Trainee: 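One structure follows; several queries about it will come next.
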2 protein chains.
Amino acid sequence: MCSRPTPRPAPRTGRPRSAEADEAILEATREVLVELGWSKLTMGDVAGRAGVAKTTLYRRWANKNELVVDAVAVLFDELELPDLGSLQADIEHVVLQFAALLERPETKTALMAVVAESTRDVPLRERIRASIVERQKRLVLDGRRRAQERGELPADRDPVSVDATDDLIFDVVAGAVVHRALVSAEPVDTAWVNRLSALLVGGLGAVAALG
Amino acid sequence: MCSRPTPRPAPRTGRPRSAEADEAILEATREVLVELGWSKLTMGDVAGRAGVAKTTLYRRWANKNELVVDAVAVLFDELELPDLGSLQADIEHVVLQFAALLERPETKTALMAVVAESTRDVPLRERIRASIVERQKRLVLDGRRRAQERGELPADRDPVSVDATDDLIFDVVAGAVVHRALVSAEPVDTAWVNRLSALLVGGLGAVAALG
DNA sequence: AGCCTTTCGCTACGGGTCGTAGCGTAAGGG
DNA sequence: CCCTTACGCTACGACCCGTAGCGAAAGGCT
């Protein structure tokens with residue numbers, strides 16, 4: 001999953017864009033995010049650190065937000081869902097992974113900022129959805145499927161209801177972790193994760209009973 | 001609960017600060033948030049609409065973020081927790097209220113932005129906590145107390161555990177709603193709220209069993 | 001009333017960032 | 001080898017920031 005700059009209509013001729021420059025720019029962006037944070041990140045600074053002209057940045061990304069999304073999106077590749085034998089164990093593992101990701105200064109400062117911008121920028125929202133949100137959501141689908149295979153959850157009956165429950169679980173888990181880490185600004189430790197997973201596993205039965 | 005500008009050491013003499021200017025500035029800030037969003041909001045624009053000199057803004061707020069927090073904080077006053085007779089009904093009501101608040105363009109664009117900034121600005125985080133987060137958290141405490149009075153939840157045993165559960169519920173509810181509304185960008189309708197409240201009420205028993 | 005202190009509106013300013021234009025050069029593809 | 005595009009560089013106007021300095025206004029205090 002390499003993040004791609006702004007989609008270009010694939011010219012078949014002329015000098016190709018430098019892939020090294022792509023990676024250098026994204027790397028420099030993450031660097032600046034760590035050192036200065038999102039609000040103090042400037043395109044000129046990123047270009048300088050990447051050893052690239054500022055105009056090169058603008059040839060690939062329309063603005064700061066799209067650049068930052070691409071720079072941070074690759075970090076979400078490390079989210080995985082190993083089979084730990086039980087739904088609760090799977091949940092706790094992925095929650096701790098996600099929390100660790102949110103502890104990194106580059107994601108902490110960038111994620112909320114781009115989400116805030118996306119409320120007024122539809123293309124940006126779509127970019128976030130495709131490169132970050134969709135990737136996380138797959139983990140929920142995989143986790144449910146495994147739990148069903150183990151018999152921890154009943155098999156699908158109403159597909160609409162299943163989708164709604166998947167959506168709910170995703171928003172609850174991701175939202176709770178983000179809120180705990182960034183709004184409450186308190187640690188996502190094992191004690192908290194235990195409580196969260198207990199809440200989810202205990203509540204899933206009640207939700208399934210809704211139909 | 002009127003939001004106060006930057007705390008001043010209460011001079012007992014000299015010309016008092018204009019309270020009308022305070023309100024005009026905060027009102028103008030909300031106006032600009034609605035029309036232009038957080039990222040395009042400028043201090044000069046706010047000052048112009050408020051009929052006030054730009055220097056007057058800087059005498060009261062150190063920067064854009066603190067101003068926006070104060071301008072948005074008053075909107076959270078409308079959150080209330082009427083007693084609807086059951087824990088689930090109370091939850092659903094407050095969730096729908098919170099969702100309606102997040103639907104307003106001024107809160108939608110401002111809330112995530114200032115939270116993002118607060119990850120690198122401790123005074124700002126404290127301001128958000130005091131004027132917004134604490135106000136929401138009180139609703140959780142009230143809701144739990146009522147549910148205990150009704151006998152829907154067991155009486156307190158371990159106070160530490162109770163605090164931890166309150167924290168968890170707060171992060172889960174607020175986080176889930178924010179995530180649904182701003183990240184997933186899907187409507188917080190009654191169907192979704194029903195599922196969320198069912199999850200919470202059903203899961204609370206399991207959490208209480210943890211001790 | 002009259003003084004004192006602080007706020008107010010106004011103007012101006014240096015410093016910084018944005019996003020773009022224009023140029024000559026570099027690097028592949030047919 | 002030519003054509004097309006990317007690249008680095010410089011320069012630019014536009015905008016916003018946050019502050020300084022000024023004279024005027026508005027209350028408190030005696």
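Note that the coordinates shown come from a computational prediction; the quantities given were computed from them, not determined experimentally. We name chains A, B, ... by the order of the sequence lines, and we start the count at 1 in each one.
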Trainee: Does the side chain of R17(B) get closer than 4.0 angstrom to OP1 or OP2 of dT7(C) through an N or O atom?
Mentor: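 For dT7(C), OP1/OP2 do have a side-chain N/O of R17(B) under 4.0 Å.
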Trainee: Does one side chain, of S161(B) or R195(A), offer a donor that lies under 3.5 Å from an acceptor on the other?
Mentor: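 Side chains of S161(B) and R195(A): pair found under 3.5 Å.
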Trainee: Nearest-nucleotide wise, let me know which of T55(B) and P16(B) is further upstream toward the 5' end of DNA chain C.
Mentor: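 That would be P16(B).
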Trainee: Just how far, in rounded Å, is P of dC10(C) from CG of L57(B)?
Mentor: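 Atom-to-atom, L57(B) to dC10(C), this comes out as 14 Å.
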Trainee: Looking only at side-chain N and O atoms, does S86(B) offer a donor or acceptor that is under 3.5 Å from a partner on Q88(B)?
Mentor: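 The criterion, which ignores hydrogens and geometry beyond distance, is not satisfied for S86(B) and Q88(B).
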Trainee: Take the protein atom CG of L67(A) and the nucleotide atom P of dG19(C), then report the distance between them rounded to whole Å.
Mentor: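 Atom-to-atom, L67(A) to dG19(C), this comes out as 11 Å.
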Trainee: Please state how far atom CG in D22(A) lies from atom C1' in dC7(D), giving the value in whole angstrom units.
Mentor: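 Value for this atom pair: 13 Å.
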Trainee: Calculate the interatomic distance between W61(B) atom CH2 and dT19(D) atom C1'; express it in whole Å.
Mentor: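 Checked: the CH2 to C1' distance equals 18 Å.
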Trainee: Starting the side chain at C-beta, find the nucleotide from dT5(C), dG8(D), dG19(C) nearest to R59(A).
Mentor: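 Closest nucleotide to the R59(A) side chain: dG8(D).
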Trainee: Please pick, from dG9(C), dA26(D), dA6(D), the nucleotide with the shortest atom-to-atom distance to any side-chain atom of R15(B).
Mentor: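 Closest of the options to the side chain of R15(B): dA26(D).
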Trainee: Tell me which of S18(A) and G14(B) sits closer to the 5' end of DNA chain D, going by the nucleotide each one is nearest to.
Mentor: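 Nearer the 5' end of the strand: S18(A).
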Trainee: Rounded off to whole Å, could you give me the OH-to-P distance for the Y58(A) and dG19(C) pair?
Mentor: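 Distance, rounded to whole Å: 4 Å.
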Trainee: Whole angstroms only, please: what is the CD-C1' distance between E20(A) and dG8(D)?
Mentor: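 Value for this atom pair: 16 Å.
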Trainee: Separation of K40(A) atom NZ from dC17(D) atom P, in whole Å?
Mentor: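 That distance rounds to 13 Å.
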Trainee: Check the distance between dT17(C)'s P and N63(A)'s CG and give it to me in whole angstrom.
Mentor: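 Going from N63(A) (CG) to dT17(C) (P), I get 17 Å.
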Trainee: Assess whether atom CZ of R145(B) is packed by more than 12 heavy atoms of other residues, nucleotides or ligands within 6.0 Å.
Mentor: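 It does: R145(B) CZ has more than 12 such atoms within range.
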Trainee: Could you verify whether a donor N or O on one side chain and an acceptor N or O on the other, from S184(B) and E186(B), lie under 3.5 Å apart?
Mentor: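 No, because no side-chain N or O of S184(B) sits under 3.5 Å from a partner of the opposite role on E186(B).
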Trainee: Could you say whether A53(B) or K64(A) is positioned toward the 5' end of DNA chain C, judged by the nucleotide with the nearest heavy atom to each?
Mentor: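 Residue closer to the 5' terminus by nearest nucleotide: A53(B).
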Trainee: Tell me whether the side-chain N or O atoms of K54(A) pair up with the base of dG19(C) as donor and acceptor below 3.5 Å, since no angle test is needed here.
Mentor: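 Counting by modelled atom types and ignoring angles, a donor-acceptor contact under 3.5 Å is found here.
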Trainee: Rounded to the nearest 0.5 Å, what's the gap from CD on E103(A) to CZ on F98(A)? Could you check?
Mentor: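 Going from the CD atom of E103(A) to the CZ atom of F98(A) covers 11.5 Å.
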